[in-house]
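Fair warning: this is a prediction, and the values are worked out from it, not measured in the lab.
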Amino acid sequence: MASGGGRYRLSCSLLGHELDVRGVVAGLYPPGAFVSVSRDRTTRLWAPNSSNRGFTEMHCMSGHSNFVSCVCIIPSSDIYPRGLIATGGNDHNICIFTLDNSAPLYILKGHKNTVCSLSSGKFGTLLSGSWDTTAKVWLNDKCMMTLQGHTAAVWAVKILPEQGLMLTGSADKTIKLWKAGRCERTFSGHEDCVRGLAILNEMEFLSCANDASIRRWHITGECLEVFYGHTNYIYSISVFPNCKDFVTTAEDRSLRIWKQGECAQTIRLPAQSIWCCCVLENGDIVVGASDGIIRVFTESLERTANPEEIQAFENELSQATIDSKTGDLGDIDANQLPGREHLNEPGTREGQTRLIKDGEKVEAYQWSVSDGRWLKIGDVVGSSGANQQTSGRVLYEGKEFDYVFTIDVNESGPSYKLPYNTSDDPWLTAYNFLQKNDLNPMFLDQVAKFIIDNTKGQTLGHVNTDFSDPFTGGGRYVPGSSSGSDMLAAADPFTGSGRYLPGSTSNTGVSSTGVDRFIGSGVFQSAPFKTLNIYFPKKEAVTFDQANLTQILGKLKELNGTAPEEQKLTEDDLILLEKILSLTCNSSAEGPTTHQLQTLWKAVNWPEDIVFPALDILRLSIRHPTVNENFCNEKEGAQFSSHLLKLLNPKGKPANQLLTLRTLCNCFIGQAGQRLMMSQRESLLSQAIELKSGSNKNIHIALATLTLNYSVCLHKNHNIEGKAQCLSVISTVLEVVQDLEATFRLLVALGTLISDDSNAVQLAKSLGVDSQIKKYGSVSEPAKEMKCPLPSVEREKEKEIEEPSDIEEGGLDLTVSLKPVSFYIADKKEMLQQCFYVIGEKKLQKMLPDVLKNCSIDEIKKLCQEQLELLSEKKLLKILEGENGIDSDTEEEADDGSKMGSESVSQ
């Protein structure tokens, strides 16, 4: 809670920044410190004074070549126990600072426009939002993934406490929830640009927007509550520690404190744009504004400013000018306002505003409950009460404007009306005009320049010309005025170019160390085993090899009779396909001919309802070097992959989906195939993952195998963005698959991806993969998961399992290489031995029926051996692969019961 139940009063005002303060955040070190960033391109660390009153600037950092717009703290690590400071700027960069160096440790480059929001998570993860409509996930000095889906600037980002969940808020009026890099949900409700996000707990969060509202959301998508109070854009929202109370700042010159769902206190400031706020651990509130001053407010009497400082603050506030055209004080008719005697009547609530007329002036006052008096908050300008005829202003859509321009975007299109007041920001007006009329943002520069060139230079008396663009912090244009600053005109609020000429250059980024900060250099620790890991990193691609060639050809001939006339295969064509199958499946030194390959491609292009046997031939043939090179080379590869992508359509036939996935897996066996698969990785994996929601276990196994094969390649070349995509796929698919073989392959893929790569380990942690795989640590079924030591994405810990299994006690023989299922068919004794290794004596005793509990292990083995000998190899294969009476791994629907041959996996 905000400590105590008193009112917030000024604690101190901090001077140092020369321009707008755009971001503030509570620091880690020293205790009670905070960090601020400004349009003056600097980042400053403020430490509390020893007297516990006020702050001292401890450190000033610079590295951006343009405005600094946001800041966050990266939590402490073994390497940086005091944490790091991350800042984003209009130069499109993110600077990472240590606390003892004024120059950046390194600079993150990748965004194509202003970086306007940052949030840090566990394990060093950083999330950034930008005007380029994307958010990016960073780990150390590398971009792990890009979150794409918003259609306008991403103004707000937050990482939720649950690993892998991230939030983004955008100028497209929506909020998106991301899990493992994929958009899980879109929240709609705000009527204007979403500007800020704050986390309440693992299940709830707050948002604020340009529609002057605050919303409380549940992560399921439900809007739980809407709060109103501000009268203009809300820029920032921050939550008090350990509760649901929060504070907000806005363009209406106010800081508002919300308790138990109500606005409990309103504090006016002598600046128009109150850009940012944060809550310190002691409950004090830090606020940054467009006048470049940082102000701290407190409930504590000990930390409250002395009477002289408070009086100076009130005097400054009373001398401010309030433009009536902003609407912050409602509609004002000066002729109807009461005189000063109206202030003799007490207010009825905290923050109540009262306007009075004193001669020709209009003054604004706010009621303070704690002081029991009216505090002057400024002089109101632009409220003469003149009508349209006497003021010379133009009425448009029921409102008066200084100008209403007619804009012709192109000669043949319609004309648009653009209303404008001299107190408005030309860039913001231009942006709103383009948004309202659904016009291309590329016209922003032209429209803003048109406004500037065609306004007459009218200014408001005593208006601070340094007021900032409420979107970008750029210096507001006031026609006819000149700036006393050495800086040039403000930046274009959407491109950052053409308006501001940087006076300094950014520092060259210094790469951070690649040492794993959490588990050291040893990425893998086979918990709970200490023996050699034989499962990952996997070095070679996994392929689907076995098939019944006679049945495949028989089905092909049968369906050829139903093919369209122009696509039917001749008898010679069928012989050619039989020949190519024989060559590719029997490891012949002879290669397929061009004619044979053309015939295969003709068959693969059959209609989708009959193409599956041709796909099965392709799946087997693509393993041959000649076929692999022919279909996957640079010239033909794009057409080949495009055709396979069509067959992966989630609405297509399951048999085609399955065989296409297996074909893609088998492509990895050749160099040309590997190159094609890696070049098409993003599109292929994005399409393939859409098949996760089905119930076909064979498709899940093929999808897992495809991910595993990508992991093998990525382990070799250390493409971190590729690894990020694969980790996202693994995380997503692990949540839905039930088949144990698919799960096993996903775990091997995970282990392969993160092996010897501390960045990948930390990324896996940030995506929540470590919590996902914990459940497999206590699986007691004789399944392959238990043969695979879980990839260690956390420091070796004592296992909190009530009763350790025999496997944990070393009962599993990890020195035995992983064999295909067919190996055990040929050696039933070894098959039985492996089963006993996996189950263990204790588990076996629990599983035995009462009549066998008194038998020795040797007696049980003998009984099992006798039963095994009675089973045929065919029946055993069905049992081991989970099949119930069919031999084909393709859908029964697709082959009408025809058998295409059971498949096992060659590993």
Side-chain angles (χ1 to χ4, degrees), residues 1-2 116-117 119 121 127 129 133 135 147-252 254-266 274 276-279 327 432 435-436 470-471:
M1 291 288 293
C116 51
S117 183
S119 177
L127 178 63
T133 75
L147 310 182
Q148 295 178 306
H150 286 293
T151 58
V154 178
W155 276 104
V157 296
K158 281 292 179 184
I159 298 179
L160 283 160
E162 182 180 338
Q163 295 174 32
L165 290 181
M166 300 175 181
L167 290 168
T168 56
S170 171
D172 64 13
K173 308 176 187 178
T174 69
I175 302 164
K176 292 184 182 291
L177 175 70
W178 307 80
K179 182 172 178 60
R182 293 172 58 81
C183 182
E184 294 285 313
R185 187 169 293 109
T186 298
F187 302 79
S188 299
H190 281 296
E191 298 176 358
D192 206 338
C193 170
V194 178
R195 297 301 294 267
L197 295 167
I199 306 302
L200 291 173
N201 51 53
E202 289 188 356
M203 304 302 292
E204 295 182 12
F205 65 92
L206 297 167
S207 62
C208 63
N210 281 359
D211 61 10
S213 75
I214 303 148
R215 290 175 178 260
R216 181 166 67 93
W217 304 86
H218 194 277
I219 61 170
T220 57
E222 180 184 2
C223 182
L224 303 174
E225 200 169 358
V226 183
F227 308 96
Y228 294 101
H230 284 286
T231 58
N232 213 322
Y233 301 156
I234 305 176
Y235 294 131
S236 176
I237 184 167
S238 183
V239 177
F240 284 104
N242 306 315
C243 72
K244 292 188 177 182
D245 296 341
F246 57 93
V247 296
T248 52
T249 61
E251 180 69 9
D252 60 8
S254 75
L255 158 72
R256 299 188 188 235
I257 300 161
W258 304 77
K259 295 185 178 181
Q260 298 178 350
E262 299 290 337
C263 182
Q265 186 178 358
T266 299
I274 317 302
C276 53
C277 63
C278 71
V279 180
N432 290 335
Q435 289 282 96
K436 177 182 178 181
F471 266 74

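- Between Leu200 and Phe246 there is no side-chain heavy-atom pair separated by less than 4.5 Å.
- For the pair Val154/Ser117, no side-chain contact is recorded, criterion being any heavy-atom separation below 4.5 Å from C-beta on.
- What you find for His190 and Ala209 is that their closest heavy atoms are ND1-CB, 3.3 Å.
- Pairing each heavy atom of Cys193 with each of Ala171, the nearest pair is SG-CA, 3.7 Å.
- Ile219 has its side chain within reach of Phe205: a pair of non-hydrogen atoms, C-beta onward, lies under 4.5 Å apart.
- Using a cutoff of 4.0 Å between basic side-chain nitrogens and carboxylate oxygens, Arg256 and Asp252 are scored as salt-bridged.
- Shown are Arg216, Lys244, Arg215; of these, the salt bridge (Lys or Arg N to Asp or Glu O under 4.0 Å) with Glu225 is made only by Arg216.
- The 12-atom threshold is not exceeded at CD of Glu191, counting heavy atoms of other residues, nucleotides or ligands nearer than 6.0 Å.
- Within the model, atoms CH2 of Trp258 and CZ of Phe240 stand 12.5 Å from one another, a figure rounded to the nearest 0.5 Å.
- From Ser207, atom OG reaches atom CD1 of Ile237 across 7.0 Å, with rounding to the nearest 0.5 Å.
- Ser213 and Asp211 make their closest contact through OG-OD1, 2.7 Å (heavy atoms, listed as atom of the first residue, atom of the second, distance).
- The closest donor-acceptor contact from the side chain of Ser119 to the backbone of Leu127 lies at 3.5 Å or more, if one exists at all.
- Atoms CG and OG1, on Leu147 and Thr133 in that order, are 11.0 Å from each other to the nearest 0.5 Å.
- Heavy-atom minimum distance, Gln148 versus Trp178: O-CH2, 3.3 Å.
- Within 6.0 Å of the NZ atom in Lys173, the count of heavy atoms belonging to other residues, nucleotides or ligands does not exceed 12.
- Put simply, the side chain of Thr174 reaches to within 4.5 Å of the side chain of Ser188, judged on heavy atoms.
- The closest donor-acceptor contact from the side chain of Ser238 to the backbone of Val247 lies at 3.5 Å or more, if one exists at all.
- Heavy atoms only, all atoms of each residue included: Thr266 and Ser254 are closest at CG2-CB, 3.9 Å.
- Within the model, atoms CD of Gln265 and CD1 of Ile257 stand 4.0 Å from one another, a figure rounded to the nearest 0.5 Å.
- A pairwise comparison of heavy atoms in Tyr233 and Asp192 identifies CE2-OD2, 4.5 Å as the closest pair.
- In this structure, Met166 and Val157 have side chains that are not in contact, with every pair of non-hydrogen atoms separated by 4.5 Å or more.
- Looking only at distances, no side-chain donor or acceptor of Asp172 sits under 3.5 Å from a matching main-chain atom of His150.
- No side-chain heavy atom of Arg195 sits less than 4.5 Å from a side-chain heavy atom of Ile234.
- Results of the side-chain contact (heavy atoms from CB on, under 4.5 Å) test with Leu206 over Ile199, Leu197, Leu224, Val239 single out Val239 as the only residue that passes.
- Using a 4.5 Å cut-off on side-chain heavy atoms (C-beta onward), Thr248 and Phe227 make no contact.
- The CD1 atom of Ile214 sits 10.0 Å away from atom OH of Tyr228, with the distance rounded to the nearest 0.5 Å.
- Taking 4.5 Å as the limit, some side-chain heavy atom of Leu177 sits within range of a side-chain heavy atom of Phe187.
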